[in-house]
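Structure, as structure tokens:
Every chain is numbered from 1, with letters handed out A, B, ... down the list of sequences. Values in this document were obtained by computation on a predicted structure and should not be read as measured data.
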There are 2 protein chains.
Amino acid sequence: MAMKKKPVTGMKDILPREMEIRDYAIGLIKETYKTFGFTSVETPAVEHIENLCSNQGGENEKLIFKILKRGEKLDSAVTEVSADNLNVLTDSGLRYDLTLPLSRYYSNNANDLPSPFKALQMGPVWRADRPQRGRYRQFMQCDIDILGEQDIVAEIELILATTTLLGKLNFKNFTIRINDRRILKAMAAYSGFAEDSYDSVFITLDKMDKIGLDGVREELLGAGYPAENVEKYIELFSLISDDSTDAVAALKVISDKLGDFLGKDVSENLDTIISSVEGAKAADFRMKFDPTLVRGMSYYTGPIFEISMDEYGGSVGGGGRYDEMIGKFTGQATPAVGFSIGFERIVMLLLENGFEVPGSGEKKAYLIEKGMPSDKMQKILSMAAEERKDGKIVNLSIMKKNKKFQKEKMQQEGYTEFVEFFTDRDF
Amino acid sequence: MAMKKKPVTGMKDILPREMEIRDYAIGLIKETYKTFGFTSVETPAVEHIENLCSNQGGENEKLIFKILKRGEKLDSAVTEVSADNLNVLTDSGLRYDLTLPLSRYYSNNANDLPSPFKALQMGPVWRADRPQRGRYRQFMQCDIDILGEQDIVAEIELILATTTLLGKLNFKNFTIRINDRRILKAMAAYSGFAEDSYDSVFITLDKMDKIGLDGVREELLGAGYPAENVEKYIELFSLISDDSTDAVAALKVISDKLGDFLGKDVSENLDTIISSVEGAKAADFRMKFDPTLVRGMSYYTGPIFEISMDEYGGSVGGGGRYDEMIGKFTGQATPAVGFSIGFERIVMLLLENGFEVPGSGEKKAYLIEKGMPSDKMQKILSMAAEERKDGKIVNLSIMKKNKKFQKEKMQQEGYTEFVEFFTDRDF
């Protein structure tokens, strides 16, 4: 078989310039989250097919890269396989997010972990999406989660840690949109929608960004929901203007209107999250209560949040509370809340903005004439070792025939100082 | 389907204590190799099945985790599959090393890369080995490679970079065994073995560690090789005592004996590598010429090397020159040499030796009474932000009923200072 030079469809080779920014961002993420008491954990890239297909991820199941069974199990599977039972061929697959593996990890290792447990995970995930510009089938996720803490101090800490990090990466003037799954439900209940139609109503609501309030009204009416419910629902959203700057006031308008449909603690907690974060924030952003924020994942149970940035149309991260997922592994409910940043988008923005990695240090090149005798070579190597000890970058190369061209090329890589060593000269 | 709590067979969840050491080692590796002019690159975890099965990796092919085709391609494959053509089900697989993907990467991106190109790769690889103690089916590899440099300055730099790193990780008194594929061949030729039997002879030679010189003799005779050849071969190895401390002298004994069977430049180059490294080394180790060193991979073409450590029976890393692999992608020969450290073994040794990550910093816990009003909460958060700015770890938790137990637990995690905040007290 002929060798293929390109990466597999939808995945990419990462060049040194991008890697430099990635490495810098990874270092800063670990350093920043560590000061908030998060500790790193890692799970295997491969997960049980049963866990991946447990439907926690909804649509994600279609996107799983499945791994073929091996040996006798594969031989036996091949004799039974048909178009209707393709899953007999597989026993595992590549993880499509870090939340499900973390829940499994916590269930498996709870006895060896503190409670609450503050976890930092960075690692690749895989989704067999249709490839498109800027979206790849392998991409890095970066999640922080607090497991075993039901108090909203968890939400507050997650939002502060994430926004502190974004500030350190020089991002400014961004917005954390916040809502609560229980507010979404209360608004639908208040408007008279039947409980089994909530998910479908929320799918329409989630399009607000694109189709506007009138669009949402049209789509709900078109789907056959009673006009009375739809109008009551739409009226709720029109109570808050889109450029409302006071998140706490906006929240109060909605919660007053919803009355007994919404538990008092839900709006109080959201109020405390918003004002605590606003009061203690260490970066340039604002909190915005946004009753149209849905977040796709069906596993969320409480507050949900998302980062919006002017420089980038969509979301560059988000998260929320998912108090019921770990219980699916252990049979025992464990409160959990997480915040994921869009690592790839953030790297792309830094790359596009010509971000300079700070403190890259001096880069020095030693050009060595070919055939350097061993004793002189030792001297050169010792000089290099001495400079490297101080963290200086010293790159040894054999001198090329076209030395001028060689130097120009190295200058493009950031080498500013050149030292030449000849076999017939002393140094 | 029921959810599974354990990781998939042969893979592992990594707990915080180990992750702390891994993160530290990764940071040190990047920092150290950077000073030698290496730059990070990354390739996808998934590779074309054609590349993985190109037989460069020999035995590795059986160990590939293969990925199922998707959609219509899978439907169609299922109608054709039988025990004899299982590969119709797959189009890709998980990489089993970092060398083959790097060769593909270089072929694909050579125009955007400097020449020579010094690459650092760290990332997981997967092998469906029989699980055994301390060996996992997913493990981290850490490779440095120099592509496009035919001079032995490449070998010297790789060995110095690797040993400098090991020194920084506090490893002492280890040995770099070195040999050359061409010496292996010359020794077989000198002894009169037929060229097509070399690989099989080397497989036996590779067992020297375990079965000794007599064992190698017995096995070669048992395999039916002429006694005359076997005795001539064995005599060569007996010329060097196992505790020979002078690598250059040992090399001279063998190369003098081999005469014209060995190119003069081969032994001269090896001599220069050994004496240059010995002369400039920045860590406590020794170079040892070892004519029994084989290294499994058939792709090596020149010098080969391996790290032996007293604390650990086997090899903790190795590498060599593979000048012919990149040509399989490009049709144009490109010199290449690489050195891989056994990251997992090194982490295991550090863990077992109770390695303390330096400069972990002060760890402080804020214990907050439940129901803290928003304005007081803001004050607490601002205090924490101030301390975190200086890199201090501050962990906010809600005070538990059994506060004594809570503190004891946190002390086990390394928290040394506790600050308590009550709703009804000023602070």
Say you draw a straight line from [atom1] of [X] to [atom2] of [Y]; how long is it, rounded to the nearest 0.5 Å?
| X | Y | atom1 | atom2 | result |
| --- | --- | --- | --- | --- |
| A:K168 | B:K389 | NZ | NZ | 10.0 Å |
| A:S115 | B:K409 | OG | NZ | 9.5 Å |
| B:T9 | A:D91 | OG1 | CG | 8.0 Å |

Legend entry - Winner by heavy-atom pair count (cut-off under 4.5 Å) against chain B, out of A:L74, A:T32, A:I26: A:L74
Quick check on [X] against chain A: is it the side chain, the backbone, both or neither that has a heavy atom closer than 4.5 Å?
| X | result |
| --- | --- |
| B:P7 | both |
| B:L15 | both |
| B:Y136 | neither |
| B:K66 | both |
| B:A154 | neither |
| B:F38 | neither |
| B:S82 | backbone |

Min side-chain heavy-atom separation [X]-[Y] under 4.5 Å:
| X | Y | value |
| --- | --- | --- |
| B:L396 | A:I156 | no |
| A:L86 | B:V78 | yes |
| A:I398 | B:E149 | yes |
| A:E413 | B:L113 | no |
| B:I67 | A:L68 | no |
| B:E42 | A:M19 | yes |
| B:L94 | A:L94 | yes |

Inset, instruction - Could you tell me whether the side chains of A:S40 and B:D23 share a donor-acceptor contact shorter than 3.5 Å? - result: yes
Inset, instruction - Verify whether one side chain among A:S374 and B:S275 offers a donor that lies under 3.5 Å from an acceptor in the other. - result: yes
Legend entry - A:Q138 versus chain B, the contacting section by heavy-atom distance below 4.5 Å: side chain
Legend entry - Part of A:Y106 within contact of chain B (heavy atom distance under 4.5 Å): neither
Legend entry - Greater than 12 external heavy atoms within 6.0 Å of A:K6's NZ: no
Legend entry - Neighbour count >12 (heavy atoms, 6.0 Å) for atom CD, B:Q150: no
Legend entry - Note: B:D112-A:R17 ion pair, threshold 4.0 Å (strictly below): no
Legend entry - Exam field: side chain A:H48 to backbone B:K5, donor-acceptor pair closer than 3.5 Å: no
Given the options [options], which has more heavy-atom pairs under 4.5 Å with chain A than any of the others?
| options | answer |
| --- | --- |
| B:A45, B:A128, B:S92 | B:A45 |
| B:T272, B:V394, B:T39 | B:V394 |
| B:Q378, B:Q406, B:K281 | B:Q378 |

Inset, instruction - Grab the two heavy atoms, one from A:G37 and one from B:Y415, that are nearest each other, plus how far apart they are. - result: CA-OH, 3.7 Å
Legend entry - Evaluation steps, side chain to side chain contact (heavy atoms under 4.5 Å, CB included), between B:M377 and A:V153: CA-CA 9 Å; B:M377 192 68 191; A:V153 72; 3.5 Å; yes
Inset, instruction - Measure from NZ or CZ of B:R388 to the centre of the six-membered ring of A:F36, then state whether that distance is under 6.0 Å and the direction lies within 45° of the axis. - result: yes
